[in-house]
Structure formats: structure tokens, C-alpha cells
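Structure record follows, encoded as C-alpha cells.
Just the heavy atoms: all of them, side chains too, but no hydrogens, waters or symmetry mates, feed the values below. For clarity, every value in this text was computed on a predicted model and none was experimentally measured.
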Amino acid sequence: MTPIRTLIILGATGDLTSRLLLPGLGTLLSSQPELRIDVVGSSRQSEDGWAQVVAEAFDAVGASGPAAAHTRETARYVAGDVTDAGDLAALLDGAEGPVCLYFALPPAVTARACEAMAGMDLPDDLVLALEKPIGSDTETARELNRLVGRLVPEERTFRVDHFLGMPAVLNFVGLRFANRLLEPLMSREHVESVEIVFDETLGLEGRAGFYDSTGALRDMVQSHLLQVMALVMMEPPSSFDQVEIPTLTSHVLRAAKPWRGDPAGAAVRGRYTAGTVDGRELPDYTAEEGVDPSRGTETFAQVVLEVDTWRWNGVPVTLRSGKAVGNPRQEIAITFHRPPHDYEQLPHSGDVAPNVLRMGLEEEQLSLGLNVGGPFDSRGMTRVTLSSGMARPGLTAYGSVLRGILEGDHTFSVRGDAAEQGWRIVDEVLAAFEDGRVPLLDYPAGSSGPV
């Protein structure tokens with residue numbers, strides 16, 4: 001695929017663009033000074049200060065060099081309705097190709113924009129990049145995939161999950177497959193449990209328009225943590241490329257199901273009440289501006305799954321994410337089985353702590369908990385933790401995502417069937433939420449979540 005020349009961002013005035021997408025582009029342009037990317041922003045709202053938005057996003061990450069300077073100078077904004085065929089045609093006609101249309105939009109608006117494009121004469125080299133979530137359930141995801149497939153082929157479609165571009169997630173892939181030590185242990189014979197947790201101290205932060213109709217299960221578990229799980233638990237690839245990785249991760253998702261086949265028993269949901277997080281007073285979620293209490297939106301979701309394959313059958317996999325959580329965990333944690341034999345000479349040998357491998361997702365810290373000492377050591381049994389920080393990443397998660405899109409590399413893009421499988425898994429849990437089989441538990445902001 002020919003490298004992208006123009007990046008058109010639909011929904012350019014949104015928080016996602018200024019806070020994540022443009023800074024990510026800035027880190028990419030700094031690391032690859034030969035790139036020449038024209039950025040066009042478009043939205044229903046007019047934005048007189050688009051050039052300033054781009055400049056501030058680049059400044060926030062220290063973006064510099066000829067590629068970043070070129071994008072600053074050429075960045076332009078076109079006000080328009082992203083669901084109007086005429087406005088979309090004008091955007092494409094005024095762009096130098098090859099072009100990528102990046103849908104930084106809610107899924108329902110993305111679907112309407114794609115419907116508007118259905119009757120248009122589109123460029124042969126047009127690339128579409130769709131921000132997750134893809135649809136709002138299995139059926140809408142399937143319909144959106146069908147619609148997009150009528151516009152461009154799969155090889156020119158990118159479904160974005162920036163968690164797959166996180167340096168820590170990519171580090172875990174290298175840790176597992178580039179070391180003889182770890183891969184032989186990654187199976188049901190040695191692993192007791194897997195946890196992928198992304199708790200946040202942040203509350204709603206003015207995002208009621210999106211979040212109150214979405215909730216933690218859709219926003220985090222379905223959109224991100226399931227994809228990370230698939231990457232962590234996939235079979236060893238023969239090569240790291242855009243054929244092997246999407247195929248292997250899709251295989252994991254196809255085999256995933258609620259623990260013991262009971263979506264209600266496998267899930268916990270909660271909603272934060274007033275409290276204090278990091279010295280900040282947060283109101284009750286239902287008192288936040290724009291929230292409709294009758295929706296019963298959860299701000300905390302946890303679900304336990306099983307990946308029913310030869311390698312992983314019987315291993316519980318916990319996916320969890322909550323807002324307004326004190327002392328939050330953000331990590332991949334692999335807990336190994338305890339030793340298969342108890343030694344009478346070791347005090348409390350039956351209670352020896354298991355080995356736990358942890359990879360921090362935001363603060364990249366790798367750690368491994370081990371037991372040392374023994375009956376002839378005056379200190380007895382001792383717990384030690386081997387830990388290491390990581391080199392500072394050159395790219396943000398969105399920088400990695402954009403590199404894949406601009407270079408036409410689907411290795412860490414979400415394939416259409418994988419997006420549908422993600423919804424298949426959580427649809428059962430969502431049904432249990434909606435019919436009351438999983439109660440909505442309160443937890444004070446600043447606590448560790450619902451009990």
C-alpha cells in the first residue's frame with residue numbers, strides 16, 4: 001500500500017483529537033523526519049483556531065523536526081457535516097492522495113458517515129481508520145463492518161485500539177516471545193490466573209455525553225482489555241506480521257466465554273458515589289452534569305472469562321476497569337501455580353506465595369515476585385521482587401497506531417471478525433446487567449471499588 005499523504009480527521013474538535021491523536025502524530029513525526037503528512041480537520045462545528053490546536057498538541061510532546069514543521073504549516077480545517085455526502089466529497093476532492101479518513105467519532109455517527117459515503121465515487125487508494133468501539137453491540141458491529149466493506153476492502157480498513165500500541169503491551173509481547181524462559185510457562189499447566197486491570201483515579205471529567213450512554217464494560221473491557229487479553233494469550237506466531245497476529249488474536253477471542261458459562265456469576269458492576277481521590281473531591285456520579293441516573297450506567301466493571309483452548313482451558317482471566325478508584329492498578333498480571341510439593345522443613349510451606357509476573361500499563365514497570373531462603377537460612381523464607389523500569393518510549397500509543405495506518409501495516413489493527421467477537425463476549429454480560437441479574441453496587445470515590 002502506498003504511504004498516506006493526507007490525514008483527514010472527522011470529529012477534529014473532539015477531546016480525542018486534541019488530547020491523544022494529534023500528540024501521538026507529533027511523536028511519530030519527530031521520530032520519522034522524512035514523513036510529509038498534511039492534516040485536515042473537519043467537524044460540524046467551526047474551528048477558527050485549528051492551527052493553534054495542532055501547535056499546542058505538538059508542543060505538549062515536544063514535536064520537532066522537518067516533518068512536524070511541515071504538518072504545522074500545512075494543517076487546515078474545513079467546517080462541515082461529517083454525515084453529509086456533499087461535505088465529505090468536498091473534503092476528499094481537496095486532498096492530495098493517498099488519503100486516510102480517520103473517524104474520531106462515536107460509533108453511531110461513524111455509521112451515518114459511512115452510509116453517506118455509500119453512493120460516492122471514492123478514491124481507489126482511500127484508507128478508512130475507525131476509532132473503537134466498533135458499533136454498540138454484535139449486530140451493529142456486524143452491520144458497520146458490512147457497510148465499510150462496501151466502501152473499501154479490508155486491507156484498507158483499520159480499526160483502532162490504541163491499547164495495542166501501548167509500549168507496555170508491546171513490551172509484553174517481546175518479553176514472552178523473545179525469551180526462552182517465559183513462553184514454556186504460559187499455559188494452563190503453569191499459570192493459575194491472568195488479570196488485566198486498568199483502574200483510574202479520574203472521574204467523569206465532563207464526558208457525560210459519551211460515557212453515560214456507554215459505561216465501563218463497553219468503554220474499557222470490550223474496546224480495549226479484550227484485545228490486550230487476546231495479544232497476551234495468543235499462540236506463538238511464526239512471524240510478527242499483519243497476517244499472523246490478527247489471525248492468532250482472533251482465535252483467542254473466538255474461544256473466550258464467561259467463566260463457567262455464567263455471565264451473571266462472572267461479572268461485577270459498580271458506580272462511584274461522592275468521595276475524595278488524590279485530594280480531589282468528586283461528587284456522586286449521578287450528580288455529575290449530563291448524567292441520567294435512570295440509565296444505571298456503571299463506572300466499574302469486572303468480568304471473569306475462560307479461553308477454552310488446549311493451552312488455556314480452566315484458567316480464569318479477570319478483566320477489570322473502574323473510574324474514581326484510589327491506589328489504582330494498571331497492569332497485566334500473570335500468577336503462576338504454587339510448587340507442586342510441600343516441604344515439611346519449610347515453615348508454612350503450604351502457604352508459600354505464588355510467583356507473579358507484572359507489567360505496568362501506564363508506568364512501565366516489570367516485576368517478578370519470587371520466594372528465597374529456606375530451612376537453613378536464619379532469615380527463613382523471604383519474598384523478593386525483581387523489578388525493572390523500561391526505556392523511555394519514542395512513540396505514544398497513538399503514535400504507534402498512526403505509524404501502522406500511514407505505512408499500511410495491520411499487525412496491531414483489530415480485524416473485523418475480532419471486533420464482532422468482542423461484542424459477542426460482552427453482550428451476554430450486558431444482558432445480565434440490564435435485567436438486574438448483576439446488581440449495581442455503590443463504591444465511594446477513592447476506594448478500591450465495590451466489595
Worksheet item: Should Arg280 and Asp278 count as an ion pair when the cut-off is N to O under 4.0 Å?
Response: no

Practice prompt. Would you name the heavy atoms of Leu226 and Gly422 that are closest together and state the gap between them?
Written response: CD1-O, 3.6 Å

Worksheet item: Okay, side chain of Arg424, backbone of Ala256: is any donor-acceptor separation there less than 3.5 Å?
Response: yes

Fill in: Side-chain donor-acceptor pair present, Asn145, Glu420, cut-off under 3.5 Å
yes

Worksheet entry | Flag for Ser250-Gln421: side-chain donor and acceptor within less than 3.5 Å | no

Worksheet item: CG of Leu319 to CE of Met229: how many Å apart, nearest 0.5 Å?
Response: 6.0 Å

Discussion item. Just so I know, are the side chains of Leu406 and Leu28 near enough to count as touching, which here means a heavy-atom distance under 4.5 Å?
Written reply: yes

Practice prompt. Give a yes or no answer on whether the side chain of Gln52 reaches the backbone of Trp50 with a donor-acceptor pair at less than 3.5 Å.
Written response: no

Response to the item:
What one should report as the nearest heavy-atom pair of Thr17 and Pro23 is O-CD, 3.9 Å

Fill in: Residue pair Phe198, Glu362: steps toward the side chain to side chain contact (heavy atoms under 4.5 Å, CB included) verdict
CA-CA 9 Å; Phe198 200 86; Glu362 283 287 297; 3.7 Å; yes

Response to the item:
So CD of Glu131 and CG of Leu10: to nearest 0.5 Å the spacing works out to 12.0 Å

Discussion item. I'd like to check Leu366 versus Met390 (side-chain heavy atoms, cut-off strictly below 4.5 Å). Are they in contact?
Written reply: yes

Worksheet item: Between Leu231 and Arg176, which heavy-atom pair has the shortest distance, and what is it?
Response: O-NH1, 4.5 Å

Fill in: Main-chain N/O of Gly314 paired to Glu306 side chain as donor or acceptor, under 3.5 Å
yes

Discussion item. Could you go through Arg415 and Thr249, starting from their C-alpha distance and side-chain angles, then the distance that decides it, and tell me whether this counts as side chain to side chain donor-acceptor pair (under 3.5 Å)?
Written reply: CA-CA 9 Å; Arg415 211 167 64 181; Thr249 52; over 6 Å; no

Worksheet item: Asp219 and Tyr211: which non-hydrogen atoms are nearest, and at how many Å?
Response: OD2-CE1, 3.6 Å

Worksheet item: Does the side chain of Ser43 pick up a donor-acceptor pair with the side chain of Thr13 at under 3.5 Å?
Response: yes

Discussion item. Using side-chain heavy atoms (C-beta onward) and a distance below 4.5 Å, is Ser239 in contact with Glu244?
Written reply: yes

Practice prompt. Starting at CZ of Phe163, measure out to CG of Leu361 and round the result to the nearest 0.5 Å.
Written response: 7.0 Å

Practice prompt. State, with a plain yes or no, whether a side-chain heavy atom of Val317 is found less than 4.5 Å away from one of Met233.
Written response: yes

Item to complete: Check whether any side-chain heavy atom of Gln227 lies under 4.5 Å from a side-chain heavy atom of Leu253, and answer yes or no.
Response: yes

Discussion item. Counting neighbours of CG on Asp124 that are heavy atoms of other residues, nucleotides or ligands and sit closer than 6.0 Å, is the number greater than 12?
Written reply: no

Worksheet item: Given Val401 and Phe412, is the side chain to side chain contact (heavy atoms under 4.5 Å, CB included) satisfied, shown in steps?
Response: CA-CA 8 Å; Val401 163; Phe412 295 103; over 6 Å; no

Worksheet item: Taking 4.0 angstrom as the limit, do Glu235 and Arg311 come out as a salt bridge?
Response: yes

Fill in: Side-chain donor-acceptor pair present, Thr276, Glu281, cut-off under 3.5 Å
yes

Worksheet, complete the sentence: To the nearest 0.5 Å, atom OG of Ser413 lies from atom CD of Glu154 at 7.5 Å

Fill in: Arg329 bridged to Glu331 by N-O distance under 4.0 Å
yes

Fill in: Donor-acceptor contact present, side-chain Arg269 to main-chain Val438, <3.5 Å
yes

Item to complete: Give a yes or no answer on whether the side chain of Arg207 reaches the backbone of Asp15 with a donor-acceptor pair at less than 3.5 Å.
Response: no

Worksheet item: Hey, are Asp262 and Arg260 close enough for a salt bridge, meaning a charged N less than 4.0 Å from a carboxylate O?
Response: no

Practice prompt. Indicate yes or no for a side-chain donor-acceptor contact from Asp87 to the backbone of Asp81 under 3.5 Å, with no hydrogens or angles considered.
Written response: yes

Worksheet item: Within a strict 4.5 Å, meaning less than it, do heavy atoms of the Leu225 and Ser321 side chains meet?
Response: yes

Discussion item. Does any part of the side chain of Trp423, heavy atoms only, come nearer than 4.5 Å to the side chain of Arg218, both counted from C-beta?
Written reply: yes

Discussion item. Could you check whether any side-chain N or O of Gln302 sits under 3.5 Å from a backbone N or O of Val268, counting only pairs where one atom can act as donor and the other as acceptor?
Written reply: no

Worksheet item: Does any N or O in the side chain of Lys132 come within less than 3.5 Å of the main-chain N or O of Ser223, such that one atom is a donor and the other an acceptor?
Response: yes

Fill in: Interatomic spacing from CD in Glu289 to CG in Asp212 - rounded to 0.5 Å
12.0 Å

Practice prompt. Over 60° means perpendicular and under 30° means parallel, so classify the ring planes of His162 and His224, tilted if in between.
Written response: perpendicular

Fill in: Evaluation steps, side chain to side chain contact (heavy atoms under 4.5 Å, CB included), between Val99 and Arg5
CA-CA 6 Å; Val99 176; Arg5 178 69 176 81; over 6 Å; no

Worksheet item: Tell me, do Lys257 and Leu305 make a side-chain contact under 4.5 Å, heavy atoms counted?
Response: no

Discussion item. Tell me whether Thr273 contacts the main-chain N or O of Asp442 through its side chain, where contact means a donor paired with an acceptor under 3.5 Å.
Written reply: no

Worksheet item: Nearest 0.5 Å, what's the CZ-CD1 distance between Arg156 and Ile4?
Response: 9.0 Å

Fill in: For the student: nearest non-hydrogen atoms of Ser367 and Thr385, plus distance
CB-CG2, 3.7 Å

Practice prompt. Could you tell me whether Arg146 and Glu115 make a salt bridge, using a distance below 4.0 angstrom between a side-chain N and a carboxylate O?
Written response: no

Discussion item. Taking Tyr272's backbone N and O only, do any of them form a donor-acceptor pair with Thr299's side chain (distance below 3.5 Å, no angle check)?
Written reply: yes

Item to complete: Heavy atoms only: give me the nearest Ala63-Ser30 pair and the separation to one decimal.
Response: CA-OG, 3.1 Å

Discussion item. Looking only at side-chain N and O atoms, does Thr138 offer a donor or acceptor that is under 3.5 Å from a partner on Asp427?
Written reply: yes

Worksheet item: Using a distance-only test with no angle check, is there a side-chain donor-acceptor pair under 3.5 angstrom linking Ser448 and Tyr443?
Response: no

Worksheet item: Is the number of heavy atoms from other residues, nucleotides or ligands under 6.0 Å of Glu189 CD greater than 12?
Response: yes

Worksheet item: Which is it for Glu298 and Arg271 under the salt bridge (charged side-chain N to carboxylate O under 4.0 Å, His left out) test, yes or no, and what are the steps along the way?
Response: CA-CA 5 Å; Glu298 80 283 352; Arg271 183 170 63 188; over 6 Å; no

